[in-house]
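Numbering of residues begins at 1 and proceeds along the displayed sequence.
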Amino acid sequence: MKTLLTLIAVSFSTVLATAPAVGQTLNVMRGIDAPTYDAHKTTWAPTSDIVNMIQDTLVALDWDGRTPIPYLAKSWDITPDGKTYTFKLRDDVSFCSGKKFTAADVVYSFQRLKDPAIRGPYAWRAGDIKSIRAADPYTVVYELNEPYSELLLQLTMFTNVIINKESVETLGPDYGSKGVDGTGPWCFVSWQPRTEVILKRHDAYKWGPAMYKNPGPVKFERMVIRFIPEESTRLAAMMSGQFDITTAILSTFIGQAKTAPMLDVEQAKPNFQLLYFGFKTTRDMVADRRVREAMSIAINRADIASAILLGNASPASTYVDPGALDYEPKTAAIIKEDVEKAKRLLDEAGWKPGSDGIREKDGVKLAPKVYYTAAGNTPKVAEAIQGYLRKVGIDWRLHPWDSTIAPAKMAEQDYELWSVTVPYLSAGDLMNIYFNSKNIPTPNRMNWRNEQTDEWLRLGRAALTGEDRAKYYGLVQEQVTAEHLWIPVLNIDMHQTTTKKLKGARAHMLYQNTFYKGLDLSK
């Protein structure tokens with residue numbers, strides 16, 4: 001293996017030999033690209049970390065993964081009914097273009113996010129806004145139709161970054177691809193899809209959140225983010241010093257990275273990431289709850305975690321990680337792996353084994369189409385599950401897609417199952433992302449439309465106490481788990497790998513970011 005990695009590293013060095021040498025460049029490696037860098041238009045995690053480099057939010061998320069702290073908003077007040085937030089803004093912030101940041105930018109950003117024409121899949125994260133207005137150039141009054149118990153937590157998310165109206169209007173349909181003007185520590189330079197993103201230092205930046213020792217500017221002149229799809233090449237590239245930092249070393253190679261003398265590996269803690277397969281319940285093949293349950297209980301999660309992720313994940317038999325805020329422990333008794341029960345459920349649902357062992361019903365094979373991104377851990381996990389399910393008479397038809405087109409393919413709705421690895425902040429966050437009927441067709445790709453679910457979610461969002469919030473989000477967890485709307489498979493560990501020459505790196509858990517802002521980094 002050492003010889004193979006050496007050869008790959010030499011080859012990779014040759015590939016990059018023609019790249020110009022630039023002093024004080026931070027070289028970052030990622031495995032997959034994003035479909036857009038317009039934060040309002042996607043749920044895709046590969047968008048989030050780069051967006052968070054070039055744009056800022058009103059509040060930041062502290063290292064504990066639970067505490068919102070001041071950022072563009074230096075303070076806030078909340079009325080007793082939980083409906084009105086008054087944010088006091090910093091007055092020393094500017095965009096990369098030099099434009100002064102004011103309350104008008106906050107108002108425009110949230111009005112655009114909520115504009116039906118944008119069709120923002122994560123617009124709900126900003127709450128049910130009744131009105132948002134600038135009381136003066138540095139005061140924003142943010143009024144909700146009903147309380148939102150996790151608003152401040154949600155305002156740390158990339159979809160709620162503050163944007164420049166002039167940039168959006170100037171670039172038109174090219175906003176998010178040809179340019180983005182932000183207040184972040186890095187400024188957008190260019191994007192070559194599937195190849196690289198180039199950012200440069202925002203020299204005026206000095207308003208970093210208090211979680212960092214350095215408020216800004218960053219200590220590098222520019223950042224070059226390369227997309228390297230080959231797993232073994234990524235490790236070799238880090239070992240040969242071609243890159244400074246990455247989160248793209250998969251479990252297959254993370255053990256080697258940990259023992260490499262030139263690398264440091266840090267696990268993000270806390271970290272909530274679920275690799276799951278979801279059912280599109282409006283498709284005939286998976287409309288029956290018994291069929292969905294059979295698929296979920298016919299697999300061996302512990303073996304998948306051990307054999308494929310080499311112990312860098314834990315088996316997930318619940319939708320929400322037990323360590324997450326408002327986890328409901330009752331759900332742990334719902335999904336119990338049992339191959340013989342899976343067969344009985346399929347028999348009861350009318351799916352009988354055919355001559356080739358694959359089950360049939362009314363002349364139709366039980367062969368659901370499964371969509372997922374052709375990168376990361378998912379392809380190997382999908383293949384393992386395919387093997388388990390063939391033993392009970394189910395023939396998964398696997399359809400991997402490149403990350404830049406996977407969202408569009410999933411939007412076509414022509415499949416029975418799909419998979420993503422979803423990062424989330426809390427039980428309420430995960431339940432609101434996927435199970436609210438307002439989020440059909442995405443990210444509620446199950447097409448799950450249930451009045452009781454919606455009401456419990458509403459009551460959880462509007463709760464004024466932690467006890468009530470946990471109660472209602474717990475009821476949602478029990479309900480959707482009992483319906484077997486997903487196959488939860490693994491809680492994925494997340495690692496950040498750096499060269500030992502890079503100082504000041506610390507892994508952050510926010511929406512798979514790990515590498516967040518980069519203010520304390522130096523060589």
Side-chain angles (χ1 to χ4, degrees), residues 43 45 251 270-281 286 289-309 311-339 341-342 345 368 370-373 376-389 392 394 396 416-435 443-446 448 453 473-494 512:
T43 65
S251 302
N271 170 53
F272 307 126
Q273 285 194 100
L274 177 68
L275 191 162
Y276 74 91
F277 289 80
F279 294 100
K280 190 169 292 297
T281 61
V286 293
R289 184 196 59 77
R290 293 170 295 185
V291 174
R292 302 194 297 265
E293 181 179 0
M295 291 192 204
S296 184
I297 66 175
I299 67 176
N300 189 319
R301 293 163 173 82
D303 281 356
I304 293 173
S306 174
I308 297 178
L309 278 91
N312 294 296
S314 58
S317 59
T318 60
Y319 293 5
V320 178
D321 189 290
L325 181 68
D326 297 333
Y327 161 74
E328 176 48 70
K330 293 177 184 176
T331 58
I334 296 175
I335 297 174
K336 295 293 185 183
E337 294 174 6
D338 186 334
V339 173
K341 181 181 178 181
L345 287 169
V370 184
Y371 280 21
Y372 54 91
T373 302
N377 299 301
T378 308
K380 292 180 180 178
V381 173
E383 290 166 8
I385 294 177
Q386 182 187 54
Y388 286 119
L389 295 185
V392 297
I394 302 172
W396 267 19
E416 279 72 37
L417 295 98
W418 81 95
S419 180
V420 296
T421 298
V422 59
Y424 57 97
L425 296 171
S426 64
D429 185 30
L430 189 62
M431 295 299 101
N432 277 295
I433 291 172
Y434 282 104
F435 300 102
N444 183 345
R445 299 184 184 92
M446 298 83 63
W448 176 248
T453 305
Y473 286 151
L475 289 170
V476 175
Q477 291 171 69
E478 289 184 76
Q479 180 193 42
V480 298
T481 305
E483 287 290 336
H484 296 278
L485 301 180
W486 286 356
I487 303 173
V489 185
L490 299 170
N491 293 315
I492 304 291
D493 295 345
M494 186 165 64
Q512 292 182 333

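- Looking at Gln479 and Thr453, their side chains come closer than 4.5 Å, going by heavy atoms from C-beta outward.
- Summarising the geometry of Arg290 relative to Leu345, their closest heavy-atom pair is O-CB, 3.8 Å, with the distance given to 0.1 Å.
- In terms of heavy-atom proximity, Leu274 sits nearest to Tyr319 at CD2-O, 3.3 Å.
- Of all heavy-atom pairs spanning Met446 and Trp486, the tightest one is SD-NE1, 3.3 Å.
- Here the straight-line distance linking atom CZ of Phe277 with atom CD of Glu416 works out to 14.0 Å at 0.5 Å rounding.
- Taking the side chain as every heavy atom from C-beta outward, Trp448 and Glu483 approach each other to under 4.5 Å.
- Between Thr421 and Asn377, every side-chain heavy-atom pair lies at or beyond the 4.5 Å cut-off.
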Check the pair Thr373 / Val420 against side chain to side chain contact (heavy atoms under 4.5 Å, CB included), numbers first and verdict last.
CA-CA 7 Å; Thr373 302; Val420 296; 5.5 Å; no
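- Ala332 and Tyr327 get closest at one heavy-atom pair: CB-OH, 3.8 Å.
- Side-chain contact check for Ser251 versus Ile308: every heavy-atom pair is 4.5 Å or farther apart.
- Here the closest non-hydrogen pair linking Leu490 and Ala305 is CD2-CB, 3.6 Å.
- Distance NZ/Lys280 to CG/Asn444: 8.5 Å, rounded to 0.5 Å.
- To the nearest 0.5 Å, atom OH of residue Tyr473 and atom CG of residue Leu325 are 9.5 Å apart.
- Between Ser296 and Pro488, the closest side-chain pair of non-hydrogen atoms falls below 4.5 Å.
- The shortest heavy-atom contact between Arg292 and Leu485 is NH2-CD2, 4.1 Å.
- No option in Thr318, Val320, Ile334 other than Ile334 meets the side-chain contact (heavy atoms from CB on, under 4.5 Å) test with Thr481.
- In this structure Asn491 satisfies the side chain to side chain donor-acceptor pair (under 3.5 Å) test with no other residue, sequence neighbours excluded.
- Applying the ring pair (Phe, Tyr, Trp, His ring centres under 6.0 Å) rule to Tyr372 yields no partners; only residues at least two apart in sequence or on another chain are considered.
- The shortest side-chain heavy-atom distance between Ile433 and Asp429 falls under the 4.5 Å cut-off.
- With a 4.5 Å cut-off on side-chain heavy atoms, His484 and Ile335 count as touching.
- Rounded to the nearest 0.5 Å, atoms CG (Leu430) and CG (Asp321) are 10.5 Å apart.
- Annotation: side chain of Arg301 is in contact with side chain of Ile487 (closest heavy-atom distance under 4.5 Å).
- With ring centers used as reference points, Tyr434 lies under 6.0 Å from Tyr276.
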